[in-house]
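All remarks here apply to the structure that follows.
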Amino acid sequence: MQAGAAKAGPGGKSGKAGKPVADGKGAKRAATAAPGPSGPRPARLSAAAVLTAVEGVALAALGVYMLIEGLAGSPDSPRQAEMGGLTVLALAVLPLVAARGLWLRRRWSRGPSLITQIVAFPVAWTLINGGGALIAAGIGLAVVAIAVLGLLVNPTATEALGIAPRD
């Protein structure tokens with residue numbers, strides 16, 4: 001096997017996108033994987049990825065806090081606090097995976113990130129109506145959600161993700 005070649009999977013067929021690979025019988029075929037995006041990542045897409053990741057990290061931190069509070073603290077309902085923490089941790093996965101996809105310029109990642117931003121608006125509204133320090137958190141969340149939505153619908157970002165405009 002050549003240096004730098006991919007390890008053969010079942011049937012001995014594997015390789016990098018667009019490069020011919022041996023099928024074990026001496027014949028060569030083109031790999032079916034699509035080539036990755038070319039050129040530099042636009043700053044708008046990088047900003048959307050970073051902001052989406054920040055949202056995911058904040059959700060994960062909240063989930064860990066709720067879980068620890070449920071286990072070690074004295075909440076009204078420990079079971080509810082623990083399940084809430086686990087739920088928030090599970091919900092943190094969506095923006096984190098979407099952020100990674102945006103960073104790697106994966107076309108599929110735009111949808112989960114847009115969904116995360118849309119879901120952020122009712123959460124922001126609830127925080128704003130909570131009063132006190134929650135008002136600032138709600139406003140911050142709403143601003144980030146609006147910013148990411150604007151960044152993701154921008155033609156530069158959509159082109160970088162390989163999403164063509166509809167005719």
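- Listed for the Ser113 side chain is no donor-acceptor partner under 3.5 Å among the backbone atoms of Ser109.
- Separating the CZ atom in Arg107 from the OG1 atom in Thr158 is a distance of 10.0 Å, to the nearest 0.5 Å.
- Nearest heavy atom pair, residue Arg41 against residue Arg105, reads N-NH1, 3.8 Å.
- If you chain together ILVMFWY residues whose side-chain heavy atoms come under 4.5 Å of each other, Leu161 ends up grouped with Leu45, Leu51, Leu102, Leu114, Phe121, Val144, Ile146, Val148, Leu149, Leu151, Leu152, Ile163.
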For this session: With side chain to side chain contact (heavy atoms under 4.5 Å, CB included) as the test, would you mind laying out the steps for Arg110 and Val153 before giving the verdict?
Result: CA-CA 9 Å; Arg110 184 174 179 242; Val153 298; 3.8 Å; yes
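- Across Pro122 and Ile118, no two heavy atoms sit closer than the pair CD-O, 3.3 Å.
- Nearest approach of Thr156 to Pro42, heavy atoms of both residues: CG2-CB, 3.7 Å.
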Distance-only check: which donor-acceptor pairs under 3.5 Å involve side-chain atoms of residues 73-100, not counting sequence neighbours?
| unit_1 | atom_1 | unit_2 | atom_2 | d |
| --- | --- | --- | --- | --- |
| Ser77 | OG | Gln80 | N | 3.3 |
| Thr87 | OG1 | Met83 | O | 2.7 |

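- Both Val64 and Leu67 sit in one connected hydrophobic cluster of ILVMFWY residues. Membership requires side-chain heavy atoms under 4.5 Å apart, directly or through other members.
- One hydrophobic cluster, built from ILVMFWY side chains closer than 4.5 Å, cannot hold both Val123 and Val54; they sit in different ones.
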